[in-house]
Every structure is written in structure tokens, then in C-alpha cells.
Amino acid sequence: MILCSPARTAIMQSDLDLFGRQPQRLATHTVLLPGFVLPRLEALLDALRPVLRAAPFRHMETPGGQAIAVALSNCGDLGWVSDRQGYRYTTHDPLSGAPWPALPALLAQLAHEAAAAAGFDGFHADTCLINHYLPGTRLSLHQDRNERDFSHPIVSISLGLPAVFLLGGQQRGDATQKVPLGHGDVLVWGGDDRLRFHGVQPIKPGEHPRMGSRRINLTLRRAT
Ligand code: MD3
Ligand code: FE
């Protein structure tokens, strides 16, 4: 197991990713697992394809009526949506009227393993928000507060173009640390860090050899 307690001791060879990068603790309950999904990347993409065919990326509106720059989709028992009514989780895709596609077993498995590697045992995700960023797209500083129980951690998988993630504090005005997130990296956070403000700086133009000119982020949560 990786990084079970904040005071970790030895780093094992098996903790390192393909390029020898080590897990990094960014805050008491926030852990970066570089390249964690790379060994299962193709299986992950195979699992996403039918999900995105059934529930394609789309732009949602904020309650104030502005288009959200990040396009999104969901899978799992619930999906996160935004419209004039507000932010919430729904059982059905408002675009198709059908239930959100099921959470692929591989995604649930990766989330469970990543959470355990970061010291959160027994994590069972029931929803995955899939965010799509084109170059220039940013995500402004916010908190994730639409889930029922903040004691569950969140697992985030980054794919494609690199991003600079902004990790803030408990108040909007707190200083932020900049965290580079690359293709295959996984971030896990929970505990005291669950309600930290966070955001993503505008994605720089570029072309990722496997993913093209985009960044995809999968956030796995327990919403119920
Ligand atoms: C929060 N997505 O969909 S997840 C979101 O990359 C969202 O698409 C971003 O924020 C994205 O709500 C970021 C990554 C993340 C990582 C570590 C955190 C969010 C965090 C640590 C504390 C609080
Ligand atoms: Fe968020």
C-alpha cells in the first residue's frame, strides 16, 4: 500500500510509475499518484467509448444562464448537472431522457485502488463526472459541495493535454498551490481537504499523441 499515513516511511519500487515518479502528498489528505492509470489506459478508453456514445459531451448552463466552458457527461447511478434550477445530481441524462450509463467496473476498480493507495480504504464510487477541456478552457475556483456525505474521498483521473491545477484552502481568498497534472495522473483527496477551493488554469494549446487536442478529467465520487 502506498502512503497510508501522512508520516510515510519507505518508498517501494512498486509505488513508482513507468517514469519513476513517486506519489506525492500535496496536503494532509491530498495525494498525487503520477501515471497511476497508464498501465490500464487502453482498457479505460475502451470502457469510456460506449459511455460517451450513449451520453455525449455537452455544455450545460449555470443557474445564472451562462454556458459552462467545460463540456461534460456522466456515468453511474447519478450524474452531476447544472441548469437554471441549480447544481445537483440526477438519475437521468436530461439530453436523452435515459438513465445515465452504468459506471464501468474498471472505473470503480481504479477509483477503489487509487483511494486505497492514498490511504482511503473501502471507497466505493457511485458516480463519475467526465469533463472535457479544449485549449483555452479553464475552471474557476470553486468547492464541490453537491454530494451528500463529505466524509467520502474523491478520485480524479487526468487524461490528454497537461493542466495546472490550483489547490486552494478552506476560504476562497486563501493562497493556491499550482499542481501540474499530466496524462494518466490521479489525484485523491478527502478528509480535511474535501472542501478546499480548487480550479484549473486555462489549458495551453497542444496536441496529445493519444488523446488529441483536449484534456479529459474523470472525477469519481460517492454522491449518495
Ligand atoms: C479539490 N474538476 O469537476 S478535479 C470538478 O480537473 C473539478 O476537471 C477539476 O473540480 C478537473 O468539480 C479538478 C481535481 C481535484 C484535485 C484535488 C483536489 C480537486 C480537488 C483537492 C482538494 C479539493
Ligand atoms: Fe471541483
Side-chain angles (χ1 to χ4, degrees), residues 3 6 23-34 36-37 48 57-60 62-63 68-76 78-82 86-89 100 107 110-111 114-115 117-120 123 125 127-147 150-172 174-204 208 211 214-223:
L3 286 168
Q24 231 185 303
R25 191 175 292 280
L26 304 175
T28 313
H29 297 110
T30 307
V31 175
L32 173 62
L33 303 169
F36 189 84
V37 303
L48 283 178
F57 288 119
R58 80 292 304 269
H59 288 280
M60 291 189 175
T62 64
I68 297 180
V70 179
L72 63 88
S73 184
N74 289 280
C75 53
L78 294 169
W80 186 88
V81 303
S82 175
Y87 306 121
R88 67 197 177 280
Y89 282 95
W100 291 107
L107 270 184
L110 284 169
F120 299 98
F123 176 56
T127 175
C128 180
L129 169 62
I130 311 169
N131 286 329
H132 182 280
Y133 297 75
L134 288 171
T137 306
R138 67 196 285 266
L139 184 65
S140 52
L141 220 56
H142 68 278
Q143 290 174 299
D144 293 4
R145 345 188 32 121
N146 292 122
E147 298 73 28
F150 300 145
S151 72
H152 299 295
I154 299 181
V155 172
S156 147
I157 301 173
S158 291
L159 300 172
L161 290 177
V164 176
F165 174 71
L166 296 172
L167 178 57
Q170 308 292 341
Q171 326 261 334
R172 185 175 289 280
D174 290 350
T176 55
Q177 52 172 310
K178 291 182 184 177
V179 181
L181 290 181
H183 179 64
D185 291 352
V186 174
L187 255 175
V188 183
W189 70 102
D192 297 341
D193 295 328
R194 178 62 180 73
L195 289 175
R196 277 182 188 254
F197 280 86
H198 58 280
V200 178
Q201 285 194 339
I203 304 298
K204 291 207 181 108
H208 185 275
M211 303 297 294
R214 61 176 59 79
R215 169 175 188 260
I216 307 274
N217 180 265
L218 311 172
T219 16
L220 288 132
R221 307 155 194 260
R222 179 137 205 112

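Worth knowing before you read on, the calculation uses all heavy atoms, side chains too, and leaves out hydrogens, waters and symmetry mates. Atoms within a ligand are numbered from 1 in the order they appear, just like the ligands themselves.
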Exercise for the section: Output the atom name for the N/O/S atom of D144 with the smallest distance to the Fe ion (ligand 2). Expected result: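 Nearest N/O/S atom of D144: OD1.
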Exercise for the section: Determine whether the side chains of N217 and S156 contain a donor N or O and an acceptor N or O closer than 3.5 Å. Expected result: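 There is such a pair (donor and acceptor under 3.5 Å, judged by atom type) between the side chains of N217 and S156.
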Handout entry: Results of side-chain contact (heavy atoms from CB on, under 4.5 Å) for R88 - residues two or more places apart only
Key = V81, D83, Q85, T90
Completion exercise
The ring pair (Phe, Tyr, Trp, His ring centres under 6.0 Å) partners of H132 (sequence neighbours excluded) come to F57
Problem - Heavy-atom side-chain proximity of L161 to H208 below 4.5 angstrom - result: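 Yes, at least one pair of side-chain atoms sits under 4.5 Å.
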Measure from every N or O atom of ligand 1 to the protein's N or O atoms and keep only the pairs below 3.5 Å, writing each with atom names and distance to 0.1 Å.
| residue | atom | partner | partner atom | Å |
| --- | --- | --- | --- | --- |
| ligand 1 | 3 (O) | N131 | ND2 | 2.9 |
| ligand 1 | 6 (O) | R215 | NH1 | 2.9 |
| ligand 1 | 6 (O) | R215 | NH2 | 3.1 |
| ligand 1 | 6 (O) | N217 | ND2 | 3.4 |
| ligand 1 | 8 (O) | N131 | ND2 | 3.1 |
| ligand 1 | 8 (O) | Y133 | OH | 2.5 |
| ligand 1 | 8 (O) | N217 | OD1 | 3.2 |
| ligand 1 | 10 (O) | H142 | NE2 | 3.2 |
| ligand 1 | 10 (O) | H198 | NE2 | 2.9 |
| ligand 1 | 12 (O) | H142 | NE2 | 3.2 |
| ligand 1 | 12 (O) | D144 | OD1 | 3.2 |
| ligand 1 | 12 (O) | D144 | OD2 | 3.3 |
| ligand 1 | 12 (O) | R221 | NH2 | 3.4 |

Handout entry: Residue pairs, two or more places apart or on separate chains, that pass side-chain hydrogen bond (donor to acceptor under 3.5 Å, both in side chains) and touch residues 190-204
Key = T30-D193, H142-H198, D144-H198, E147-R194, D193-R196
Problem - Flag, side chain of Q24 to backbone of L32, donor-acceptor distance under 3.5 Å - result: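 No, Q24 side chain to L32 backbone: no donor-acceptor pair under 3.5 Å.
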